[in-house]
Amino acid sequence: MPRETNAIREDAMGRFEGKVAVVTGAGAGIGKACALAIAREGGRVVVADIDGSAAMACTAQIAAEAGHALALAIDIAEAQAVAALFDTAERHFSAVDLLVNNAGAMHLTPRDRAILDLDLAVWDETMATNLRGTLLCCRQAIPGMIARGGGAIVNMSSCQGLSGDTALTSYAASKAAMNMLSASLATQYGHAQIRCNAVAPGLIMTERLLAKLDEYMQRHLRRHQLLPRVGRPEDVAALVAFLLSDDAAFITGQVVCIDGGMLAHVPTYADGGNSRAARPSGESAEAAASPRC
Ligand SMILES: NC(=O)c1ccc[n+]([C@@H]2O[C@H](COP(=O)([O-])OP(=O)(O)OC[C@H]3O[C@@H](n4cnc5c(N)ncnc54)[C@H](O)[C@@H]3O)[C@@H](O)[C@H]2O)c1
């Protein structure tokens, strides 16, 4: 079987043998990395994405690695479409054991401004995808998980849901609400052996993000990570796979940051320290406080 020839699978195979997973927003970036990670460990994956061709490309990659996947084009904000997604998953594979609520309204973030400048349509659309979409998927997954004796859910939150920002008002509020939705789910269905955790990535360099950030912004963002490299989708996928697996059997209701240490320090102090260290004699404090990378 080609499966045995795959080096990645041989290293850590089996954690998801016999399991069925739904990963939303799995056509690109972090979601795609999660779908690949689950499939590489034997899980059968429903790759759900609003972009059908991106979903197909992901399933083609999984098939090329001898994994099992099904592509579905779906907007997770649509209740009927989400119901159809779980029906199709069950008919094609079997009831869903694992759910990764990863799809997020990232395309709206450039228009997601400060509170007084915010277009309410952006707020509504962000909440519809990030929060309502996550709720809809959880509601479809939970009954089947209860019937099968348990399951595991990971909700893709963000560091933005744990700290204030000058913009991204809707995005941050939606992610903070996702953290509490995860805790509520863990509280309400833990007795049925359903675990639910939120993962809060910091800066993760997906292809899409890389294309959007100029060199100045990339340097600026890197400066506030404690580790000397940017985050990769595979970093997040490894954490998601751990939380979905039995290795995390006693972990539920948590928000787990994966941010290269971004939230572990106070930027004001760190910038002050850097400026002091880099200040040539005679330079004013104001000049020294301008970004140095
Ligand atoms: N990249 C980062 O730095 C970062 C940081 C923190 C959190 N996140 C979160 O991680 C998740 C994935 O982000 P990414 O950077 O990989 O994004 P991405 O834009 O690379 O991929 C997101 C995928 O979700 C799909 N999608 C968008 N809306 C959808 C909808 N309504 N229904 C179904 N699919 C939909 C898109 O088509 C796309 O394939 C998001 O929830 C995002 O908020 C990302």
Side-chain angles (χ1 to χ4, degrees), residues 22-37 46-59 61 71-82 84-86 99-110 112 122 124-137 140 154-163 165 168 170-179 181-182 198-213 217-218 221-222 224-225 229-237 239-240 255-260 262-263:
V22 167
V23 183
T24 66
I30 294 170
K32 183 175 183 180
C34 291
L36 286 163
V46 179
V47 173
D49 202 291
I50 200 165
D51 180 344
S53 54
M56 293 285 287
C58 179
T59 55
Q61 190 170 338
L72 286 179
I74 177 205
D75 179 350
I76 58 154
E78 299 292 334
Q80 281 185 343
V82 171
L85 159 69
F86 281 83
L99 169 62
V100 183
N101 284 307
N102 165 80
M106 299 291 280
H107 62 289
L108 289 172
T109 53
D112 194 1
V122 171
D124 289 343
E125 208 184 315
T126 304
M127 292 297 168
T129 300
N130 295 6
L131 190 54
R132 187 168 184 271
T134 299
L135 175 73
L136 290 173
C137 289
Q140 287 297 322
V154 170
N155 292 330
M156 198 59 66
S157 179
S158 169
C159 283
Q160 299 277 161
L162 297 166
S163 58
D165 197 345
L168 294 179
S170 325
Y171 182 78
S174 74
K175 294 297 184 180
M178 280 174 71
N179 294 344
L181 183 65
S182 309
V199 162
L203 180 70
I204 305 297
M205 277 298 173
T206 59
E207 282 173 28
R208 220 164 285 194
L209 195 58
L210 202 56
K212 276 187 206 156
L213 297 176
M217 268 314 279
Q218 286 185 37
L221 291 166
R222 267 202 297 266
H224 283 296
Q225 293 186 153
R229 71 164 175 86
V230 294
R232 304 178 188 120
E234 293 72 23
D235 294 320
V236 183
L239 173 60
V240 169
V255 181
V256 185
C257 271
I258 174 159
D259 66 352
M262 194 161 63
L263 289 190

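As the structure lists them, so they are numbered: ligands from 1, and atoms in each ligand from 1.
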request  = Nearest heavy atom to atom 10 (O) of ligand 1 wins, so pick from Lys175, Met178, Met156, His107.
outcome  = Met156
remark   = Ranked by distance from atom 44 (C) of ligand 1, the top protein heavy atom is Ile30 CD1, 3.6 Å
request  = Starting from atom 23 (C) of ligand 1, locate the nearest protein heavy atom and write down its residue, its atom name and how far away it is, to 0.1 Å.
outcome  = Gly25 O, 3.5 Å
ask   = Taking atom 29 (C) of ligand 1 as the point of reference, which of Ile50, Thr126, Asp49 owns the nearest heavy atom?
value = Ile50
inquiry  = When you measure from the side chain of Asn102 to the backbone of Thr24, do you find a donor-acceptor pair of N or O atoms at a distance under 3.5 Å?
reply    = yes
inquiry  = Can you confirm whether Met56 is buried at CE, in the sense that more than 12 heavy atoms of other residues, nucleotides or ligands lie under 6.0 Å from that atom?
reply    = no
note = Logged contact type for Thr24 with ligand 1, heavy-atom cut-off 4.0 Å, is neither
query = Roughly how far, to the nearest 0.5 Å, is CZ of Arg132 from CD1 of Ile76?
reply = 10.5 Å
task = Can you see which heavy atom on Lys212 is nearest to which on Met106, and at what distance?
result = NZ-O, 4.0 Å
ask   = Do any N or O atoms from the side chain of Asp112 and from the backbone of Tyr171 form a donor-acceptor pair under 3.5 angstrom?
value = yes
Identity and separation of the nearest protein heavy atom to atom 43 (O) of ligand 1 = Tyr171 OH, 2.4 Å
request  = Please tell me if the side chains of Glu234 and Leu36 come closer than 4.5 Å, counting only heavy atoms from C-beta onward.
outcome  = no
task = Kindly indicate whether the side chain of Leu168, heavy atoms from C-beta on, has any atom under 4.5 Å from the side chain of Thr109.
result = yes
query = Applying a strict 4.0 Å limit to heavy atoms, is Asp75 in contact with ligand 1?
reply = yes
query = Any idea which protein heavy atom is nearest atom 1 (N) of ligand 1, and the distance to it?
reply = Ile204 O, 3.1 Å
note = Residue, atom and distance of the protein heavy atom nearest atom 5 (C) of ligand 1 read Gly202 O, 3.0 Å
ask   = Nearest heavy-atom pair of Asp75 and Ala81: which atoms, and what distance?
value = O-CB, 4.1 Å
key: Close approach, Ala33 and ligand 1, non-hydrogen under 4.0 angstrom   = no
message = One residue to check: Ile76. Relative to ligand 1, which of side chain, backbone, both or neither has a non-hydrogen atom less than 4.0 Å away?
response = both
message = To check your reading of the model: name the closest protein heavy atom to atom 28 (N) of ligand 1, its residue, and the distance in Å.
response = Gly104 O, 3.8 Å
request  = Please identify which atoms of ligand 1 are closer than 4.0 Å to at least one heavy atom of Ser158.
outcome  = 6 (C), 7 (C)
query = If you count the atoms of ligand 1 from 1 in the order shown, which ones are under 4.0 Å from a heavy atom of Gly29?
reply = 16 (O), 20 (O)
key: Close-contact set for ligand 1 against Thr129 heavy atoms, below 4.0 Å   = 31 (N)
task = Could you list the atoms of ligand 1 found under 4.0 angstrom from a heavy atom of Ile74?
result = 32 (N), 33 (C)
ask   = Sub-3.5 Å donor-acceptor pair from the side chain of Asp51 to the main-chain atoms of Ala54, do we have one?
value = yes
Nearest heavy atoms of Glu125 and His107, plus distance in Å = OE2-NE2, 3.4 Å
ask   = Is there a heavy atom of Met205 sitting under 4.0 angstrom from any atom of ligand 1?
value = no
message = Heavy-atom distances under 4.0 Å decide this one: backbone, side chain, both or neither, for Ala48 against ligand 1?
response = neither
ask   = Do Asn155 and Ser182 pass the side-chain hydrogen bond (donor to acceptor under 3.5 Å, both in side chains) test, and can you show the C-alpha distance, the side-chain angles, and the key distance before you say yes or no?
value = CA-CA 7 Å; Asn155 292 330; Ser182 309; 2.9 Å; yes
note = What one should report as the nearest heavy-atom pair of Cys257 and Leu263 is SG-CD1, 4.1 Å
ask   = Where does Ala54 meet ligand 1, judged by heavy-atom distances below 4.0 Å: at the side chain, the backbone, both, or neither?
value = neither
inquiry  = To check you understand the geometry: which heavy-atom pair defines the closest contact between Ala200 and Cys159, and what is its length?
reply    = O-SG, 3.7 Å
message = What protein heavy atom lies closest to atom 40 (C) of ligand 1? Include the residue and the distance to one decimal.
response = Asn102 O, 3.2 Å
Distance filter under 4.0 Å to Met106 heavy atoms, resulting ligand 1 atoms = 15 (O), 17 (O), 42 (C), 43 (O)
note = For atom 6 (C) of ligand 1, the closest protein heavy atom turns out to be Pro201 O, 3.3 Å
message = For atom 14 (P) of ligand 1, tell me which residue out of Asn101, Leu221, Leu72, Thr206 has the closest non-hydrogen atom.
response = Thr206
